[in-house]
Engineer: 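Pasting a structure here, questions to come.
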Amino acid sequence: MTQEKRFFHSLRWLIGFVFSVILLFLVAISGLLIYQMEKFNTVAREHAESHIPILEVLTTTQLSITRLSSIGVELVASTSGAKSRTLITHANELIAEIAYNLSLLEESKEVYELREILDSVRPGIQLLIDKKQQTFELKERFDADILLVKHLLTGAFVDEANMEEGNLWRQLLLEVSNLQSVGKVYELKRGLGKIHFYLEQLDDIVSPSGVTLLDDVELIFSGEDGLESIIKQREILQTELVSLDTQNRILMGSIVDYGQRIYSQREKRVAQQAQELQSSAGLSRNILILAIVAMIVITFASYLVLKRRLFSKLVNLQGIVSSKDSITDEDLLSFDERNEIGSLVYQLKDYLDTIELQKAQLAQTGSQLESMLRYSRLCVAVVKRDKILFHNDMFADLFHISQLTFLSELPHNVAKLAKEPRKLSEGSVVLLSGYHDIVRDKWFDMRAANILWDGENCNFIMFLDVTDREKATQAFERSLSDAEKKAQIDGLTGLYNRNYFDAVMRDLNSESDGVSYAFVVIDIDQFKEYNDAFGHLKGDAVLSKVAETIQYCVSENANAIRYGGEEFVIIIRDADQASTRQLTNQILQRVLELDIAHPASAHKVVTVSAGGAISQVDSNRTPIAYFEEADKKLYQAKAAGRNCSVF
């Protein structure tokens with residue numbers, strides 16, 4: 001009795017429900033992962049677009065301020081004009097860079113105060129630069145005055161005879177030179193004291209002109225804008241530079257402190273966000289673990305349900321199908337007809353019952369077919385690999401054997417073809433056409449097809465009597481051969497005609513290298529005059545006699561052809577120069593010996609002329625080229641007086 005079927009009995013619905021639940025959990029887990037990844041991406045993007053650039057700007061600003069502070073120290077201590085100018089340029093660039101970096105920071109109280117401090121640093125740095133520039137200007141004036149003094153002292157006349165004057169003068173010049181290389185103020189003052197001492201000593205012992213020179217030198221040192229004044233101004237500027245540098249370093253230290261404070265605030269904010277993100281990640285991880293555990297539990301539960309409802313039934317079905325040829329009513333008790341597997345088992349039982357019935361019918365039909373084949377007039381056999389499973393008496397009688405068991409008992413070519421496996425899609429195919437039974441003088445076509453014999457794939461071999469077809473074909477071929485031969489024979493002379501010549505030329509063209517041949521072209525001398533004098537009937541008689549003479553002289557390896565009119569061609573295979581000349585001269589002599597009267601001929605009888613050409617094995621020339629060469633030699637023979645040959 002058929003049970004009521006509900007939707008939940010369907011295995012399709014059960015599998016769909018199970019996988020829908022699993023898919024739902026996968027979607028939920030994927031959504032959670034996507035949400036968490038998006039959150040990570042947002043924080044990372046904020047760090048990449050905001051926090052990290054600001055931290056980089058603050059770091060760069062602090063480094064620039066530190067470098068600016070060290071440049072100020074180097075600038076104050078610098079004694080080289082070139083180096084000082086480089087430091088000044090670098091200081092201006094750093095100030096511009098710091099101002100630009102501060103403009104990139106978001107507005108806050110600390111950033112505002114940092115900019116104010118930078119604005120207060122700028123004038124101090126600029127004043128430091130200006131004071132340093134004034135120092136360099138004073139240095140240039142100082143160096144110029146020193147050079148002037150050295151020039152005056154070096155060019156003055158010194159009485160070398162006065163030992164004391166000479167020593168003092170040299171000591172004065174040495175102190176002036178040393179003064180140029182001294183950088184510290186107290187050293188300059190000490191050097192000036194020595195110079196004044198030597199000037200006073202020299203003033204008492206030099207000549208009047210030397211006194212004037214010393215007064216000029218004294219004026220350069222002690223004048224209103226003299227060296228002593230320059231040294232005092234440099235001392236004042238140096239003090240101011242130190243004071244400005246100290247002030248700027250204090251301000252830049254404040255900038256560094258403010259920058260560090262902003263950096264610390266930003267760093268705390270980043271750390272706080274990272275901590276929040278870590279907490280969120282931990283929560284997401286716990287939720288994800290719970291979701292995965294739940295999915296595993298659901299999957300395992302689904303597996304148990306499917307195993308009971310599906311997999312165990314499939315295993316049971318496999319056992320029944322593999323061990324039995326039919327399904328019993330007892331087997332059906334373990335299956336539920338309301339689901340797909342149960343429905344399949346019930347249908348399979350119907351199919352197997354039908355197959356059993358058909359097998360019984362096929363067995364009966366096969367037995368009847370075997371009886372029909374056994375007593376059929378056809379020659380048939382069933383072959384599987386090397387064995388002959390069945391054959392009728394006509395098949396054994398065809399090979400004059402009473403009983404056949406193996407293919408090796410048949411002729412080799414028949415056994416080889418019968419052994420080859422056939423495909424069902426090939427149908428019946430002809431394996432051997434025109435098999436000849438010599439004893440009965442009959443012909444057969446061997447055909448084969450694929451059949452099932454006792455449940456196995458076998459070759460069904462048939463021999464069909466085609467004796468009438470073969471005899472008709474042979475008769476037709478004989479008739480065709482006779483007609484072709486007649487078409488190649490000249491009706492007047494009995495020699496081959498132009499059609500045969502063309503066929504031989506085609507054969508020569510198709511033959512491979514290494515075959516030698518010769519052409520001899522023969523023409524009856526002054527044949528037109530003979531026809532005019534005696535008529536065409538007499539001319540035909542001359543053609544026949546000349547043709548008989550040529551045919552009589554040629555050997556088995558040569559063919560005599562009437563090419564046209566009174567012209568003949570001899571084609572000789574495996575020819576050589578000596579035998580070809582001998583054959584040609586023999587023909588000319590026998591025609592002459594026919595002694596056929598010809599008044600118009602210089603010889604008073606009918607004669608022939610000939611030209612010959614022999615192929616060269618290693619030549620690339622074609623047969624037609626050798627034929628044309630022989631034809632040209634014929635005309636050379638006629639020009640030479642006729643009744644001769646030219647090679």
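As the structure is a computational prediction, the values presented were derived from the model and not from experiment.
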Engineer: Side chains of T584 and F647: does their closest heavy-atom pair fall under 4.5 Å?
Structural biologist: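 Yes - at least one pair of side-chain heavy atoms lies under 4.5 Å apart.
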Engineer: Salt-bridged, E629 to K633, with N to O below 4.0 Å?
Structural biologist: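 Salt bridge between E629 and K633, a charged N being under 4.0 Å from a carboxylate O: yes.
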Engineer: Scan side-chain atoms only and decide if E593 and Q589 contain a donor-acceptor pair under the 3.5 Å cut-off.
Structural biologist: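 Distance-only check passes for E593 and Q589.
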Engineer: Do R621 and Y626 pair up side chain to side chain, a donor and an acceptor below 3.5 Å, judged on atom types alone?
Structural biologist: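 Distance-only check fails for R621 and Y626.
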Engineer: Is there side-chain contact between V380 and F463, with heavy atoms separated by less than 4.5 Å?
Structural biologist: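 SC-SC contact between V380 and F463 ruled out.
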Engineer: Which heavy atom in I570 sits nearest to a heavy atom in L583, and how many Å separate them?
Structural biologist: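 That would be CG2-CD2, 4.3 Å.
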Engineer: For side-chain contact (heavy atoms from CB on, under 4.5 Å), just list the numbers for K419 and D386, CA-CA rounded to whole Å, side-chain angles, deciding distance to a tenth of an Å, and then say yes or no.
Structural biologist: CA-CA 6 Å; K419 184 179 179 180; D386 294 327; 2.9 Å; yes
Engineer: Regarding D595 and K604, does a basic nitrogen lie under 4.0 Å from an acidic carboxylate oxygen?
Structural biologist: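 Looking at D595 and K604, the cut-off is not met.
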Engineer: Donor-acceptor pairs under 3.5 Å, side chain of residues 534-545 to any protein atom, not counting sequence neighbours: which ones?
Structural biologist:
unit_1: S544; atom_1: OG; unit_2: D540; atom_2: O; d: 3.2

Engineer: Any chance you could lay out the side-chain contact (heavy atoms from CB on, under 4.5 Å) test for K632 and V646, step after step, and finish with the verdict?
Structural biologist: CA-CA 9 Å; K632 291 179 181 179; V646 176; over 6 Å; no
Engineer: Measuring only between side-chain heavy atoms, which start at C-beta, is L431 closer than 4.5 Å to R447?
Structural biologist: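 Result no, sub-4.5 Å side-chain heavy-atom pair not found.
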Engineer: Using side-chain contact (heavy atoms from CB on, under 4.5 Å), reason through V591 and T607 one step at a time and then give a plain yes or no.
Structural biologist: CA-CA 6 Å; V591 171; T607 59; 5.5 Å; no
Engineer: How many angstroms lie between CG in N450 and CG in N457, if you round to the nearest 0.5 Å?
Structural biologist: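 CG of N457 is found 5.0 Å from CG of N450.
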Engineer: Between the side chain of R506 and the main-chain N/O of N509, is any donor-acceptor distance below 3.5 Å?
Structural biologist: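 Not a single qualifying donor-acceptor pair exists.
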Engineer: For A418 versus V383, what's the shortest heavy-atom pair and its separation?
Structural biologist: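 Looking at all heavy atoms of both residues, the closest pair is O-CG1, 4.0 Å.
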Engineer: Counting N and O atoms only, with roles assigned by atom type, does the side chain of N392 sit under 3.5 Å from a partner on the main chain of L378, one being a donor and the other an acceptor?
Structural biologist: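 The answer is yes, because a donor-acceptor pair under 3.5 Å joins these two groups.
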Engineer: Work out which heavy atom in A575 is nearest to a heavy atom in T580; give both atom names and the distance.
Structural biologist: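 That closest heavy-atom pairing would be CB-OG1, 3.7 Å.
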Engineer: For F444, which residues count as a ring pair (Phe, Tyr, Trp, His ring centres under 6.0 Å) partner, sequence neighbours excluded?
Structural biologist: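 Scan of F444 (ring pair (Phe, Tyr, Trp, His ring centres under 6.0 Å), adjacent residues dropped) gives none.
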Engineer: So F627 and F519, would you call those rings parallel, tilted or perpendicular, with 30° and 60° as cut-offs?
Structural biologist: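 Aromatic pair F627/F519 classed perpendicular.
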Engineer: Applying ring-ring contact (aromatic ring centres under 6.0 Å, His included), run through W443 and Y435 and close with a yes or a no.
Structural biologist: CA-CA 5 Å; W443 282 265; Y435 175 77; over 10 Å; no
Engineer: Compare all side-chain heavy atoms of I614 with those of S516 and state whether any distance is below 4.5 angstrom.
Structural biologist: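 They are not in contact (no side-chain heavy atoms under 4.5 Å apart), so the answer is no.
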Engineer: Do the side chain of D397 and the main chain of D393 share a donor and acceptor less than 3.5 angstrom apart?
Structural biologist: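 No, because the side chain of D397 does not come within donor-acceptor range (under 3.5 Å) of the backbone of D393.
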Engineer: Assess the pair Y496 and F568: is the distance between their ring centroids shorter than 6.0 Å?
Structural biologist: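 So the answer is no for these two rings.
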Engineer: Within a reach of under 6.0 Å around NZ of K638, are more than 12 heavy atoms found that belong to other residues, nucleotides or ligands?
Structural biologist: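 Yes.
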Engineer: Any idea which heavy atoms bring Q488 and A503 closest together, and the distance?
Structural biologist: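 That would be NE2-CB, 4.3 Å.
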Engineer: For the residue pair S609 and D523, confirm or rule out a side-chain donor-acceptor distance under 3.5 Å.
Structural biologist: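 The criterion, which ignores hydrogens and geometry beyond distance, is not satisfied for D523 and S609.
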Engineer: Minimum heavy-atom separation for R573 to V504, with atom names?
Structural biologist: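 Looking at all heavy atoms of both residues, the closest pair is NH2-CG1, 4.3 Å.
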Engineer: List the steps, then state whether side-chain contact (heavy atoms from CB on, under 4.5 Å) holds for I388 with V382.
Structural biologist: CA-CA 6 Å; I388 300 176; V382 178; over 6 Å; no
Engineer: Taking side-chain hydrogen bond (donor to acceptor under 3.5 Å, both in side chains) as the test, write out the residues that go with D445, two or more places apart.
Structural biologist: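 Partners of D445 under the side-chain hydrogen bond (donor to acceptor under 3.5 Å, both in side chains) test: S433, R469.
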Engineer: Ignoring hydrogens and angles, tell me if any N or O in the side chain of E409 forms a donor-acceptor pair with the backbone of F406 under 3.5 Å.
Structural biologist: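 Answer holds: yes.
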Engineer: Are side-chain heavy atoms of L417 and M446 found at a separation under 4.5 Å?
Structural biologist: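 Result yes, sub-4.5 Å side-chain heavy-atom pair found.
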Engineer: Are side-chain heavy atoms of V521 and Y563 found at a separation under 4.5 Å?
Structural biologist: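 V521 vs Y563: side chains apart.
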Engineer: Would you say the side-chain atoms of D576 pair up with the backbone N or O of A578, donor to acceptor, closer than 3.5 Å?
Structural biologist: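 Yes.
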Engineer: Looking only at side chains, do H598 and D525 share a donor and an acceptor under 3.5 Å apart?
Structural biologist: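 Result is no, nothing qualifies.
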Engineer: Return yes when atom NZ of K442 has more than 12 non-hydrogen atoms of other residues, nucleotides or ligands closer than 6.0 Å, and no otherwise.
Structural biologist: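 No.
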Engineer: Is the shortest distance from a Lys or Arg side-chain nitrogen in D532 or K528 to a carboxylate oxygen in the other one below 4.0 Å?
Structural biologist: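 Yes, charged N to carboxylate O under 4.0 Å.
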Engineer: Can you find a side-chain donor-acceptor pair between D507 and S510 that sits under 3.5 Å?
Structural biologist: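 No donor-acceptor contact under 3.5 Å links the two side chains.
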Engineer: Does the side chain of L404 reach to within under 4.5 Å of the side chain of F395, using non-hydrogen atoms?
Structural biologist: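 Yes; the side chains approach each other to less than 4.5 Å.
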Engineer: For D437 and H400, work out which heavy atoms get closest and say how close.
Structural biologist: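 For D437 versus H400, the nearest heavy atoms are OD1-NE2, 3.3 Å.
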Engineer: Other residues, nucleotides and ligands only: do more than 12 of their heavy atoms fall within 6.0 Å of CD on Q582?
Structural biologist: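 Atom CD in Q582 is not packed in, count stays at 12 or less.
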